[in-house]
Amino acid sequence: MNKHYDVVIVGGAVIGSAVAYFLAANPDFDGSVLIVERDPTFRTASTSLSGSAIRTQFSNPVNVRIGLFGVSFIKAFAETMEVDGDKPDLGFHEGGYLFLANTPEGVQTLRENHEVQVACGADVALMGPDELKAAFPHLNVDDLTLGSYGRSNEGWFSNTGLMDGFRAKARSLGADFVADEVVAIGREGGKVTTVTLKSGAVVEAGTIVNASGPRAALTAKMAGLDVPIEPRKRTMFVFDAANSPEGTATVNGGRLPLMIDPTGVFCRPEGRYFLCGAAPVDDPAVPFDDFEPRYEEFEDIIWPALATRSTAFEAIKVINQWAGHYDFNVLDHNLIVGRHPEVHNFIYANGFSGHGLQQSPAAGRAVSELITYGEFRAIDLSEVGYERVIENRPFLEKAVI
């Protein structure tokens with residue numbers, strides 16, 4: 001580790017590693033990069049505990065374009081991230097997403113979202129009840145009015161594979177990683193200058209990138225700044241179905257998509273099992289070390305919704321569960337990517353609110369462009385900059401799970 005780096009990234013999970021990769025891989029960037037990660041096991045990182053999926057079905061064009069780039073990057077990941085002959089396979093399962101609606105408001109949202117998605121180039125189809133039943137025979141469609149199905153460029157993949165691939169490639173291109181914790185950030189007026197590590201080392205920094213996930217507010221506070229991010233707990237359940245409907249679809253080779261029920265409960269295949277979850281009824285901020293699953297959510301929220309939606313989900317058994325944290329953006333549940341308007345060399349890459357894994361390729365590229373060129377180039381992320389936080393101007397997204 002050197003005494004000075006042009007860029008110091010606080011947080012080494014998927015967002016921080018993506019930023020490091022895109023900087024190191026950019027021939028127009030000739031600076032030095034350091035990632036500081038407090039827990040190199042990533043045991044409780046949001047990346048490691050996520051649902052590991054990606055979609056293009058959003059309501060805002062920016063998020064749709066972020067998803068489209070993300071899936072194209074994931075499909076080419078093995079070749080792009082090759083290091084010494086090792087090509088990391090993310091096991092991308094292109095199963096699609098299926099949003100279901102059973103109210104006039106829900107139908108209107110799906111139709112409006114569809115117009116945006118198609119205009120951006122997403123491969124999405126609207127289906128009425130008869131079409132839904134024909135495509136996915138296991139579903140109870142009696143109460144449904146409309147569905148939105150991603151025919152391609154949506155699915156799930158290896159979460160840690162993405163993070164590890166970014167990190168290995170960034171290292172091979174010259175980025176430095178250190179297992180340590182940032183405990184202080186030096187600042188002189190409108191400029192951050194140093195990071196102090198728990199080990200006692202002080203590192204000079206030309207630019208600091210906040211990629212601290214649920215701890216983003218702690219990192220910002222060290223620089224005398226704020227960001228409306230807090231940890232919110234989400235519990236994931238894996239269950240076995242006595243009469244699995246996987247393979248019964250008449251589309252996509254029989255594979256079932258990730259289904260989002262009108263109740264908000266979601267479910268997707270996970271090998272021979274299924275992965276599911278739901279937003280809790282009460283959703284407070286939680287302590288940073290609280291990873292105790294909310295076991296009651298399965299019986300109280302998830303199983304009743306799934307059993308109502310399909311008789312195939314009446315007889316199911318939980319075989320695993322875990323809880324992870326969203327880096328929840330209290331303002332609008334959307335990413336914050338950009339410079340602080342007064343402390344220009346402090347850059348946010350925070351607040352992904354459950355979408356960090358899938359949005360990491362676009363976010364990493366955007367931050368690297370901002371550092372290298374002083375502007376966004378591939379996708380203009382100005383709308384999701386920090387300025388909207390100061391102005392209390394939410395960036396609205398209607399397709400939040």
Considering only distance and modelled atom types, tabulate donor-acceptor pairs under 3.5 Å from the side chains of residues 14-25, sequence neighbours left out.
unit_1, atom_1, unit_2, atom_2, d
S17, OG, G12, O, 2.8
S17, OG, A13, O, 3.1

Tabulate below the donor-acceptor pairs under 3.5 Å that side-chain atoms of residues 292-300 make, not counting sequence neighbours, or state none.
unit_1, atom_1, unit_2, atom_2, d
E292, OE2, Y295, OH, 3.3
R294, NH1, K233, O, 3.1

Side-chain donor-acceptor distances from residues 188-199 under 3.5 Å, at least two apart:
unit_1, atom_1, unit_2, atom_2, d
T193, OG1, G186, O, 3.3
T194, OG1, G186, N, 3.4
S199, OG, D180, OD2, 2.5

Side-chain donor-acceptor contacts of residues 218-230 below 3.5 Å, not counting sequence neighbours, with atom names and distances?
unit_1, atom_1, unit_2, atom_2, d
T219, OG1, S212, OG, 2.7
E230, OE2, R232, NE, 2.7
E230, OE2, R232, NH2, 2.8

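Salt bridge absent: R388 and E383 never bring a charged side-chain N and a carboxylate O closer than 4.0 Å. Classification of D332 and R393 as a salt-bridged pair fails, no side-chain N sitting under 4.0 Å from a carboxylate O. In this structure, R234 pairs ionically with D283, as a charged nitrogen and a carboxylate oxygen lie closer than 4.0 Å. Of the charged side-chain nitrogens involved, at least one lies within less than 4.0 Å of a carboxylate oxygen, so that R309 and D261 count as a salt-bridged pair. Comment: K75 engages E94 in a salt bridge, judged by a side-chain N to carboxylate O separation of less than 4.0 angstrom.
The six-membered or imidazole ring of H333 lies away from that of Y326, with a centre-to-centre distance of 6.0 Å or more. In summary, the aromatic rings of F313 and F274 are positioned with their centroids under 6.0 Å apart. Aromatic rings of Y386 and H340 (six-membered ring for Trp) have centroids within the 6.0 Å cut-off, being under it.
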Tell me, with the steps shown, if Y149 and F136 meet ring pair (Phe, Tyr, Trp, His ring centres under 6.0 Å).
CA-CA 11 Å; Y149 174 54; F136 311 107; 5.3 Å; yes
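Using modelled atom types, one finds no donor on one side chain facing an acceptor on the other under 3.5 Å when comparing S368 with N26. Side-chain contact, H355 with R55: a donor N or O sits under 3.5 Å from an acceptor N or O.
Within the 3.5 Å criterion, the main-chain N or O of P245 finds a donor-acceptor partner in the side chain of T248. With D327 contributing its side chain and F352 its backbone, the two residues share a donor-acceptor pair below 3.5 Å. For S310 (side chain) and H138 (main-chain N/O), a donor-acceptor pair under 3.5 Å exists by modelled atom type. One N or O on the side chain of N329 and one on the backbone of N334 form a donor-acceptor pair closer than 3.5 Å. Using a distance-only test at 3.5 Å, with no hydrogens or angles considered, no donor-acceptor pair links the side chain of N252 to the main chain of G254. The backbone N or O of F58 sits less than 3.5 Å from a side-chain atom of Q117, completing a donor-acceptor pair. Between the side chain of R339 and the main chain of H344, a donor-acceptor pair closer than 3.5 Å is present. A donor-acceptor pair under 3.5 Å is absent between the side-chain atoms of W322 and the main chain of S50, judged by distance alone.
Evaluation of the side chain to side chain contact (heavy atoms under 4.5 Å, CB included) rule for T109 yields N113, K398 as partners, not counting sequence neighbours. In this structure N392 satisfies the side chain to side chain contact (heavy atoms under 4.5 Å, CB included) test together with L331, sequence neighbours excluded. For E397, the side chain to side chain donor-acceptor pair (under 3.5 Å) partners two or more places apart in sequence, or in a different chain, are S59, N63. Residues passing the side chain to side chain donor-acceptor pair (under 3.5 Å) test with H325, sequence neighbours excluded: none. By the ring-ring contact (aromatic ring centres under 6.0 Å, His included) test, F157 is found to be paired with no residue, residues two or more places apart in sequence or in another chain being considered. Qualifying side chain to side chain contact (heavy atoms under 4.5 Å, CB included) partners for D86, counting only residues two or more places apart in sequence or in other chains: none.
Residues in residues 362-377 take part in these salt bridge (Lys or Arg N to Asp or Glu O under 4.0 Å) pairs, two or more places apart or across chains: E375-R377. The list of salt bridge (Lys or Arg N to Asp or Glu O under 4.0 Å) pairs with a residue in residues 119-138, not counting sequence neighbours, reads D123-R151.
Ring-plane geometry between F73 and F166 is classed as parallel, the angle between the planes falling under 30 degrees on a 0 to 90 degree scale with a further cut at 60.
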